[in-house]
2 protein chains.
Amino acid sequence: MFSQTVEYALRAVVHLAAEAPSARTTDQIADATRVPKAYLSKVLQGLSRAGVVHSQRGIGGGMTLTKAPADLTILEVVNAVEPLGRIRTCPLGLAAHGVRLCPLHKRMDNALATVEAAFASTTLAEILAEPTDSPPLCENSPKLRVRR
Amino acid sequence: MFSQTVEYALRAVVHLAAEAPSARTTDQIADATRVPKAYLSKVLQGLSRAGVVHSQRGIGGGMTLTKAPADLTILEVVNAVEPLGRIRTCPLGLAAHGVRLCPLHKRMDNALATVEAAFASTTLAEILAEPTDSPPLCENSPKLRVRR
DNA sequence: CCCAAATAGGACAAGATTGTCCAATTGTCC
DNA sequence: GGACAATTGGACAATCTTGTCCTATTTGGG
């Protein structure tokens, strides 16, 4: 239900948050998140255009978050690469019904709203801080990683 | 976030529920739900293979629900055409983490779980029964419709 | 100034999604 | 059996998603 692109964007941003405020190159992010390098590059370009990350070319450059992890929500990342697609008007095209969705679409939109709310209330900092046996990205925490 | 196919399948099934237990032809459903006929035919084939609808050829034939609207949930329809894609194992491929999702994927899966729960608890009968100014499918209720 | 590191972006390709069209098949009714 | 009504399924096409590769362009450091 979530596209690959969203999955990749979230992985990348979580990794950047873990390393913040240091810049990470696309190659570094790709290795850490197991996302195809060349495609990740496109995804990051999108995040950059959306203002979620900042890119710096040249030696010592790379990608950085434009906000502190505590101020960046999952929702912002998702919407940057592929808006959630809330249902605002009748998909059947009956303009007359405009905002008043029928029971079916009201429920579909409610479902989207709960996802939106959950994502809006989760910051990257929370994800990193959560005590768990499985650190973000299902790997050893980057800070603790020894090899690779 | 929901695919066209899911949208179409739900529209079709809601319409069938509204007309239950009468059979409706693909053309009738397509007209009522504003879905491209030829494509709807494929979607209905899928629903038929999944056992959600029953198809009957020949004169007087068409599509019918295999269950009463009160017993058919939105989730069953969605899963029939395109499973919701709950995250059961680490997408990074670290088999070691298996069921234990990292905080990121745990939250993504939680979001999917809320959608799943909402869809599982809504039957087609409820959608039809809901008092509203905008009857299902954002049209006048099929039963009340005069022309077209 | 020149080199090396890094992103930016265009071209391309495979596969999935969405959509169309047509022939074949199945079924009902006379 | 014949005519008609309906689904079934195959072939095809357009578009989007995902992915690769290669060439520019920018940037910092000697």
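Letters go in sequence order (proteins before strands), and every chain restarts at 1.
- Remark: B/Arg86 engages B/Arg88, B/Asp109, B/Leu112, B/Ala113, B/Glu116 in a side-chain contact (heavy atoms from CB on, under 4.5 Å) (not counting sequence neighbours).
- Applying the side-chain contact (heavy atoms from CB on, under 4.5 Å) test to B/Ala70 and every residue at least two apart in sequence or in another chain returns B/Ala125.
- Aromatic ring centres of A/Phe119 and A/Phe2 lie closer together than 6.0 Å.
- Rounded to an integer number of Å, the gap from B/Arg24 CZ to D/dT7 P is 12 Å.
- The line from CZ of B/Arg24 to CG of B/Leu16 is 8.5 Å long, rounded to the nearest 0.5 Å.
- Between B/Glu7 and A/His105, the side chains place a donor N or O and an acceptor N or O closer than 3.5 Å (distance only, hydrogens not considered).
- Between the side chains of B/Ser3 and B/Glu82, at least one donor N or O sits under 3.5 Å from an acceptor N or O.
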I need a per-nucleotide contact map over nucleotides 10-24 of chain D, read 5' to 3'. Cutoff is protein heavy atoms under 4.0 Å; write B for the base, S for backbone only, - otherwise. B-------BBBB---
Which donor-acceptor pairs under 3.5 Å do the side chains of residues 41-50 of chain A make with protein atoms, sequence neighbours left out?
unit_1	atom_1	unit_2	atom_2	d
A/Gln45	OE1	A/Arg49	NH2	3.2

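- For the side-chain contact (heavy atoms from CB on, under 4.5 Å) test, residues two or more places apart in sequence or in another chain that qualify with A/Thr66 are A/His54.
- The residue among B/Ile59 and A/Ile29 whose nearest nucleotide of DNA chain C is located toward the 5' end is A/Ile29.
- Comparing B/Gln56 and A/Gly58, the nucleotide of DNA chain D nearest to each residue sits closer to the 5' end for B/Gln56.
- Side-chain nitrogen and oxygen atoms of B/Ser55 include at least one within less than 4.0 Å of the OP1 or OP2 phosphate oxygen of D/dT8.
- Using Watson-Crick or G-U wobble geometry with both donor-acceptor distances under 3.5 Å, C/dC30 finds its partner in D/dG1.
- With a heavy-atom cut-off of 4.0 Å to chain B, the contacted part of DNA chain C has its first and last nucleotide at C/dT18 to C/dT28.
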